[in-house]
Amino acid sequence: MVFEILKEEIRYQMKQALLHYNINEKDINIEITEPPLKEYGDFSCNLAFLLSKNLKKNPFEIAKYIVNDILPNFKGKENEKSLIKSVSVEKPGFINFTIDMKKFLKIFFSNIQSITQMPKYGNNKELILIEHTSVNPNKALHVGHIRNAVIGDCLYRLLLSTGHNVKVLNYVDDSGLQVADIITAFKYANIPFEEENIPGITKKFDHYCGNYVYVKINELYATRPDLEVKRKIILKELENPNVEISKFTQQIVKRVLRDQLQTCWNLKCHYDILNFESQLIQSDLWDNIFKTLKEKKVIRFETSGKNVGCWVFTSKTEGDKVLVRSDSTITYFAKDIPYALWKLGYIENPFELEFISQQWDNTNLYQTTIKNIENEKSNVHSLIDFEVKKVITIIDYRQERLQSLLVEILINLGIEKTKYSYLGYEPVTLSNKTAELFGFSLKNKKSTQMSGRKGIFVEADVALDLLIKKAHEEINKRNEYISEREVSQIAKEIAISAIRYYFVKHDIGKMITFDINDSLSLEGDTGPYIQYSYARGKRIYNKIENINDYLEDYALTDLDLTSTEIELIKQVSKFSSTIKESVNNTDPKLVARYLFAVSALFNNFYEGSPILKETGNKKNIRIKLLCSTLSIMEHCMKIIGVTPLEKM
RNA sequence: GGGUCCAUAGUUCAGUUUGGAUAGAAUGGCUGCCUGCGGAGCAGUUGGUCGAGGGUUCAAAUCCCUCUGGACCCGCCA
């Protein structure tokens, strides 16, 4: 907030300069940035460079002219309201501003309450839907899936914290090829349902299915083509919910899903509704949409060429895409259309919501079921009775092309482009060291792509367990008198925070090379580092007696703060603008990076500015700074899912 | 063949949307700092032809072109 005021003041003055030159401010993109060196002041403006094009003059001369002649009174206004103490011109043509620190600090310390408040600007009436995780229910989550879940969950937390109305969906492809694979294995390849005496398989059913059953059946296809035939039959049969194989499949899916959710809940991910592909197929959604697509001439029936007999969508950029095959079955891609339209609320809802279970955060998880017409009064939940403002889907970037096709179809149906968006993230690969450690062959590459089919992956549960163990040891090193139960509790919180922070801090569009040792570090730019600096701060906080006495009044005489303290104050001041930027760019990474920067500055402050043994005004000021830092750290930690700890 | 994305310190990554001053973190290596509010920390040091070449510009890691290396997408599979 304080920063915004400052920037606005500078911007206003720069606009005055523009008026002098008779240039429309809209034609020129004035940037107010922070210079790389302290000697250049606190803010910097590029106006002179921009004008040099129009005026065909040396930017340095323009800058000097602006500062000395156009805005001369801007310089000597020290006793007025201005927050700017001085203006200077630097080498190539920068106009640099120095803050009047006394005034700045005065505003900061008298507005701590509002500065440290979470900015709220969502509209509660409009609903935002986020779909994430959506892992095929035939295997346990691996570290690549965590990336999806954590990004989605952090985005959810970010939007929720800023006052938006958000719900999270998790799509379960319970009738796809991957599920058919393990069903084939159980039914026709003599692979038992239960994990009996198979080495290296943990107790969880999802691990058994993913680590053993799925890999095994894929190996068997090479020598048993009959199994692939069986799989194809199963796939077709799964479209009918009443046949025996569908009922069997539902049982298997349910067990895998239960275990997958456990992993997600362990990582503190929140969901509201589970959607099932089988229900989308069984409902009449597709029939209605197919009709509409035909009526609106979005798709056409091909009478010649390679797609003869199919219903085809012609994309402007991607060419032809088959939606309905010549045998009248619908393609994988076509199934996404009814789901997208359902999410957007553009079609009559054929589903009702059924309570499944409570989650780790005491919220309820629901699943869709097809409406029972005879039972009209059944509990139709109001969870999605809002106007859907936006749907955001977190997807593997390899699906981006299909999603862009989908958007094209939605636009053809008259839906605004902005309503449906997707975030494609690059995959997680394994570092050579890690691949080697888990016994995967290397092939002379920089990193190894994971593959569920080939059994090349590191499971989420394995990574989490490893971290818990590591944290456990560290806690025992540091705490002599502590109960085993408490150690376990804290170790888990540290491990979760480490994983979540790791997966959200990277840019979504860059590949991550996952190394089981380096990536799951507890030191440096990590979740535990943030937790540690928070714990240090909190410990001081708890030792302050009568803390309210310090927070109420303040004396602003003699504010001789250290440079570290000023840096921390500046950083804290950027809280709300960082949150806003993060929301506007739908990028939770920005919050993570900000949080780390605050934590690092706080550790500096901690080393150099003692609080408890300090007295008088200095103590007062430092306590205020401590409290405001802890407060914004809490906000940010909540968004990232890094647990605030008082002891670790 | 058509298209998308990536390449920055030994390693893992920010910075590229919107061009700005001496390219930043973390980690590793080396060196200091605990009778102090918790050393999971702090300070210092080491380490970069920003893949290569050209272009645009007062100014390029950032924009444009070419090339090299890598990943991926392009099915009546899901």
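Chain letters run A, B, ... following the sequence lines, proteins first and then strands; every chain starts at 1.
In summary, of the residues considered (A:W286, A:F333, A:Y171), a ring-ring contact (aromatic ring centres under 6.0 Å, His included) with A:Y339 occurs for A:Y171 alone.
Between A:F49 and B:A59, no base-stacking contact is recorded for ring centres under 5.5 Å apart and planes less than 30° from parallel. Once the 5.5 Å centre distance and the 30° plane angle are applied, the aromatic ring of A:Y606 is found not to be stacked with the base of B:G41.
Using a 4.0 Å heavy-atom cutoff across all strands shown, A:S609 reaches at least one base atom of the nucleic acid. In this structure, A:F596 reaches the sugar-phosphate backbone alone: every heavy-atom distance under 4.0 Å involves primed, P, OP1 or OP2 atoms, never a base. At a threshold of 4.0 angstrom between heavy atoms, the contacts of A:N96 include nucleobase atoms, whether or not backbone atoms are also involved.
Under 4.0 angstrom from either OP1 or OP2 of B:A40 there lies at least one side-chain N or O belonging to A:Y532. For the OP1/OP2 pair of B:G38 and a distance below 4.0 Å, the side-chain nitrogens and oxygens of A:K543 include at least one atom meeting the criterion.
Under the Watson-Crick or G-U wobble criterion, with both distances below 3.5 Å, B:U12 is paired with B:A25. Under the Watson-Crick or G-U wobble criterion, with both distances below 3.5 Å, B:C63 is paired with B:G55. Across all strands shown, the partner of B:G69 is B:C6, judged by Watson-Crick or G-U wobble contacts whose two distances both fall under 3.5 Å.
The side chain of A:K446 approaches B:U12 more closely than any other nucleotide in the set B:U12, B:G20, B:U22.
No close placement of the A:Y397 and A:Y425 rings is indicated, their centers lying 6.0 Å or farther apart.
Scanning atom types as modelled, no donor and acceptor separated by under 3.5 angstrom connect the side chain of A:T331 and the base of B:C76. For A:R325 against B:C76, a side-chain-to-base donor-acceptor contact under 3.5 Å is absent. A donor-acceptor contact under 3.5 Å links the side chain of A:S44 to the base of B:A21.
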Report, one pair per line, the protein and nucleotides 14-17 of chain B atoms (nitrogen or oxygen only) whose separation is under 3.5 Å.
unit_1	atom_1	unit_2	atom_2	d
B:A14	OP1	A:D507	N	2.7
B:A14	OP2	A:K510	NZ	3.2
B:G15	OP1	A:K589	NZ	2.9
B:U16	O4	A:K510	NZ	3.3

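The distance between atom NZ of A:K236 and atom C1' of B:C77, rounded to the nearest whole Å, is 15 Å.
Aromatic ring pairs are classed by plane angle as parallel below 30°, tilted from 30° to 60° and perpendicular above 60°; the pair A:H142 and A:F457 is parallel.
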Donor-acceptor pairs under 3.5 Å, side chain of residues 597-605 of chain A to any protein atom, not counting sequence neighbours: which ones?
unit_1	atom_1	unit_2	atom_2	d
A:S599	OG	A:L595	O	2.8
A:N603	OD1	A:R536	NH1	2.7
A:N603	ND2	A:Y529	OH	3.1

